[in-house]
Amino acid sequence: MNKKKLFGTNGIRGLVNKELTSEIVIAMGSAIGTFFKRGNLIVGHDARTSGPMFSRAIIAGLTATGCNVFFAGLAPTPALQYAIKNHNMSGGVIITASHNPPEYNGIKVIWKDGIEISHKQEIEIENIYFNKDQILAEWNKLGSKIELHGINTEYIKAIKTHIDLPRIIQKKFHVVVDAGNSVGGITTPYLLQELGCKVTTINANIDGTFPGRLPEPRPEILKDIASIVRAVKADLGVAFDGDADRSIFIDEKGEIHWGDKTFSLIIKHFLIKNPAQKIVTPVSSSTLVKDTVNTYNGELIWTKVGSVTVSQTMKKEKAKLGGEENGGVFYGPHQTVRDGAMTTALILEIMAITNNKLSTLIEKQPKYYLEKGKVSCAEDKKGKIMNKFLQEVKNKNISKIDGVKIWFEDKSAILVRPSGTEPTIRLYAEAKNKQKAEKLIQKFSSKLKEILLTI
Ligand code: MG
């Protein structure tokens, strides 16, 4: 594991027993416990095979510093985040690697407001860890481990208070859930039953080897659920990532929709009920999101890419809705974090209230075509190339919040952004037709390559 830098975009991640071992997790537990200065913390985990092992390790480390641990066991990340707030805890630790393959696991540290800790707080924990500044408690001041039951039920109950229950129940929707063999399967099917739905599940057995599919719900690996939705003539399909904070939807025709499209439906629905509100989204989101916020008179706030930034911006700006293109929707009235089950309930509410099928709702939205590209670039040249690129850009409508995003007059757009993990610069183009999007990738790739030759 990279020295002096343990936390990535969403907590600590690593290959089990290679990069991330129980020894590291115990020491990290004591660093986190020292950071929280004792207090009461919730611990839970997703379905990974290493979940119970790392939970025991983190609990050993935390209780050694005098923290009391309320152990919730298997639960979706948003259910644990909700429980932290609901039970007035000092914070929590979630053992999950979210959408990573099964051989990975990780640690997410959550603050008392249910949101992952800030970058500054991560550095505090890293410093305690690397300087071995953990403060261990006296033998008679050790923390206790208390079993905490019922958080998944409390979470389902809370979601139900934010939607028009009778309208949804009346519709008797048939929904297919692909839980990806992880924790989405222990909450959403039960929530849907209480929403009067007929529920068909696939990959709903908990199995940390993830035999059904990989935990990242990308359209190309969701073919099973798409064909089952068609075969059983369901109204909707939903697939979750490994810790069930992200959800990707499939319409009644078996068409899989990327997150921008369903997020835009939620924006419209929200702004009609709550005029002039702020909507928070990373600069990587589609122009569709921008169009929808403009059409329904909301105020759009762009952020850097990353769910913690979206949560924290929402909090700072007192915004009630946020979303990402990967299927993460942050519904503030419930909680300011991504929440797959909450998002599912909102999509059903929209279908019930508008009396429309998902395919029809999406069909009515403006259409954009997306293309991606990349240019190889050594780590030490990334800063220079981006600076030079920025000097050459003459457009007025541009954002420098994360990489460089340019919006053109004909509604096309391009985002040029250095990868955080690979020696490449990534390009994301979108336009009203496929050819135009491809052209933008070609044009800007050549431009970057030209600049690269001069530095
Ligand atoms: Mg996740």
Side-chain angles (χ1 to χ4, degrees), residues 7-14 16 20 42-48 50-51 54-55 72 74-84 92-111 114-117 151-152 155 159 177-188 203 206 208 210 212-219 221-222 238-249 258-260 262-263 281-282 284-285 305-312 314 322-331 334-344 420-421:
F7 287 89
T9 320
N10 283 103
I12 298 169
R13 300 269 168 95
V16 174
L20 195 61
I42 286 183
V43 170
H45 58 89
D46 70 14
R48 287 162 199 279
S50 53
F54 285 148
S55 290
L74 270 178
T77 289
L80 290 160
Q81 289 173 301
Y82 178 75
I84 288 165
V93 183
I94 307 176
I95 303 296
T96 176
S98 187
H99 61 272
N100 287 146
E103 59 272 25
Y104 283 82
N105 212 337
I107 303 168
K108 281 186 186 179
V109 185
I110 313 293
W111 191 239
I115 302 174
E116 277 179 66
I117 55 168
I151 70 150
N152 290 324
Y155 165 69
I159 291 174
V177 177
D178 178 351
N181 301 105
S182 195
V183 286
I186 58 177
T187 47
T188 308
N203 305 322
I206 293 286
F210 301 144
R213 62 165 170 89
L214 286 171
E216 165 125 59
R218 299 194 64 81
I221 64 159
L222 298 180
V238 57
F240 298 106
D241 76 325
D243 62 341
D245 56 354
R246 285 165 48 186
S247 46
I248 290 293
F249 295 91
W258 202 226
D260 286 321
T262 39
F263 176 44
T281 199
S284 53
S285 290
V305 177
S307 67
V308 186
T309 310
V310 175
S311 287
Q312 277 162 357
M314 284 177 70
E324 301 171 310
E325 41 77 46
N326 61 17
V329 173
F330 310 61
Y331 190 63
H334 172 52
Q335 54 179 350
T336 324
V337 296
R338 303 193 283 205
D339 191 322
M342 184 71 239
T343 311
T344 310
T421 49

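Just follow the structure's listing: the first ligand is 1, and inside any ligand the first atom is 1. Starting from 1, each residue takes its place in the sequence as its number.
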(request) Return yes when at least one N/O/S atom of Ser98 is nearer than 2.8 Å to the Mg ion (ligand 1), and no when none is. (result) yes
(message) Is it true that Asn203 and Arg213 share a donor-acceptor pair across their side chains at a distance under 3.5 Å?
(response) no
(request) Check whether the side chains of Thr77 and Asp245 place a donor and an acceptor atom closer than 3.5 Å, and report yes or no. (result) no
(message) Which label fits Tyr82 and His334: parallel for a plane angle under 30°, tilted from 30 to 60°, or perpendicular past 60°?
(response) parallel
(message) Among the N, O or S atoms of Asp245, which one sits nearest to the Mg ion (ligand 1)?
(response) OD1
(message) Between Asn152 and Thr187, is there a side-chain donor-acceptor contact under 3.5 Å, judged purely by atom types and distance?
(response) no
(request) Output the atom name for the N/O/S atom of Asp241 with the smallest distance to the Mg ion (ligand 1). (result) OD2
(request) Tell me which N, O or S atom of Asp243 sits nearest to the Mg ion (ligand 1). (result) OD1
